[in-house]
Student: 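The structure follows.
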Amino acid sequence: MAKIISGKTLAAQFKAQAAQQTAQLQEKGIGVRLAVIIVGENPASRTYVKGKTKDCAECGIASDVIELPESISENELLEKIEQLNRDDSVNGILVQLPLPRQIREQSVINAIAPEKDVDGFTDINTGKLVSGEECFLPCTPAGCIEMLKSTGVPIAGKDAVVIGRSNIVGKPAALLLCAEDATVTLCHSRTKDLKEKCAAADILIAAVGKAGFVTGDMVKEGAVVIDVGINRGADGKLCGDVVFDEAEAKASYITPVPGGVGLMTRAMLMMNTVRAARMQAEGRALREKGENH
Ligand code: L34
């Protein structure tokens with residue numbers, strides 16, 4: 001039987017750290033603020049955004065939720081982002097995805113000032129991630145890595161398989177694992193012999209978006225299994241991509257859904273937001289010093 005990696009416990013630790021750092025900034029008169037833009041009525045997005053603002057409140061981070069109508073044009077959305085870019089009291093900007101069809105997601109994301117891109121989704125941030133420069137790490141993959149590290153099982157030299165090649169999870173997760181010296185296989189809908197590849201993985205990250213996708217025969221004995229999926233099962237209950245009972249029987253460690261990666265995504269967002277505030281305050285202090293010379 002696998003040990004459970006509790007997203008709840010680990011997220012609480014990171015949130016406590018974020019709260020402490022926020023308090024330290026506040027003592028110096030520096031506030032921490034996150035602006036979240038949500039477009040339309042997607043109920044899942046609403047739930048996730050609610051979770052994010054709840055975490056902000058717990059960490060002493062101010063949050064603004066900007067609700068915009070489904071019918072909004074790309075230009076109107078870009079204008080809103082530019083306004084937030086100019087507002088020095090806003091440290092982090094997050095545009096909750098997915099966006100309605102008439103809007104090009106990546107052009108909206110790239111409008112966010114890179115120093116406020118606490119999701120780590122802009123091309124500038126992604127480019128830095130690829131070249132190993134310091135940057136804001138995308139929250140979900142960063143959360144996966146922290147969950148792996150929390151087990152104490154070394155990542156270096158391990159065979160890691162990531163299922164799913166999305167820009168927000170699969171691709172950056174593969175890059176982060178690579179940076180941790182794992183040997184990474186990035187699998188997707190066109191991968192051949194997927195079951196065999198998964199069954200050979202020491203670390204298996206499932207980010208498919210299909211309930212029941214990863215079955216017990218795809219899990220290596222003793223593997224660490226990270227389930228990024230959040231699906232509604234036939235019974236209406238929240239579930240991951242992994243058939244939990246089957247995988248749990250073989251894995252050494254496994255993450256639950258709910259109570260797993262989703263909570264870590266939110267905790268990593270808190271860490272990124274405090275970091276953004278600190279870096280922006282340092283930048284301002286440096287500029288002011290420069291101006292006085
Ligand atoms: N821009 N869009 C942007 N950034 C993100 O990082 C996200 N993501 C994904 C969707 N779109 C995004 C999220 O925030 C997924 N995601 C997310 C965030 C929080 C949770 C799940 C996904 C979460 O809190 N999950 C809880 C249960 C939530 C429920 O009851 O539905 C859990 O325990 O898994």
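Counting starts at 1 for both ligands and their atoms, in listed order. Throughout, residue positions are numbered sequentially from 1 according to the sequence presented. Given the structure is predicted, the values throughout are model-derived calculations rather than measurements.
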Student: Who pairs with K237 by salt bridge (Lys or Arg N to Asp or Glu O under 4.0 Å), at least two apart in sequence or on another chain?
Tutor: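 With sequence neighbours excluded, K237 shows a salt bridge (Lys or Arg N to Asp or Glu O under 4.0 Å) to no residue whatsoever.
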Student: Which protein N or O atoms sit under 3.5 Å from any N or O of ligand 1? Give atom names and distances.
Tutor:
{"unit_1": "ligand 1", "atom_1": "1 (N)", "unit_2": "V95", "atom_2": "O", "d": "2.7"}
{"unit_1": "ligand 1", "atom_1": "1 (N)", "unit_2": "D119", "atom_2": "OD2", "d": "2.6"}
{"unit_1": "ligand 1", "atom_1": "2 (N)", "unit_2": "L97", "atom_2": "N", "d": "3.0"}
{"unit_1": "ligand 1", "atom_1": "4 (N)", "unit_2": "D119", "atom_2": "OD1", "d": "3.1"}
{"unit_1": "ligand 1", "atom_1": "4 (N)", "unit_2": "D119", "atom_2": "OD2", "d": "3.1"}
{"unit_1": "ligand 1", "atom_1": "11 (N)", "unit_2": "Q96", "atom_2": "NE2", "d": "3.2"}
{"unit_1": "ligand 1", "atom_1": "11 (N)", "unit_2": "L97", "atom_2": "O", "d": "3.0"}
{"unit_1": "ligand 1", "atom_1": "14 (O)", "unit_2": "K52", "atom_2": "NZ", "d": "2.7"}
{"unit_1": "ligand 1", "atom_1": "24 (O)", "unit_2": "R266", "atom_2": "NH1", "d": "2.8"}
{"unit_1": "ligand 1", "atom_1": "33 (O)", "unit_2": "G259", "atom_2": "N", "d": "2.7"}

Student: Within 45° of the ring axis of Y48 and under 6.0 Å from its six-membered ring centre, is that where the NZ or CZ of R266 lies?
Tutor: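 No; the conditions do not both hold, so R266 does not lie above the ring face of Y48.
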Student: Run the side chain to side chain contact (heavy atoms under 4.5 Å, CB included) test on V39 and E70 for me, step by step, so that the C-alpha distance in whole Å, both residues' side-chain angles and the decisive distance to 0.1 Å come before the verdict.
Tutor: CA-CA 6 Å; V39 181; E70 183 86 30; 5.5 Å; no
Student: Is it the case that one hydrophobic cluster holds both V36 and I109, taking links as side-chain heavy atoms less than 4.5 Å apart, direct or via other members?
Tutor: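 As far as the 4.5 Å side-chain criterion goes, I109 and V36 are not connected within one cluster.
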Student: Can you tell whether the side chains of K54 and E58 come within less than 4.0 Å, N to carboxylate O?
Tutor: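 Yes, this pair counts.
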Student: Can we say R46 and E41 salt-bridge, meaning some charged N sits less than 4.0 Å from an Asp/Glu carboxylate O?
Tutor: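 So R46 pairs with E41 through a salt bridge.
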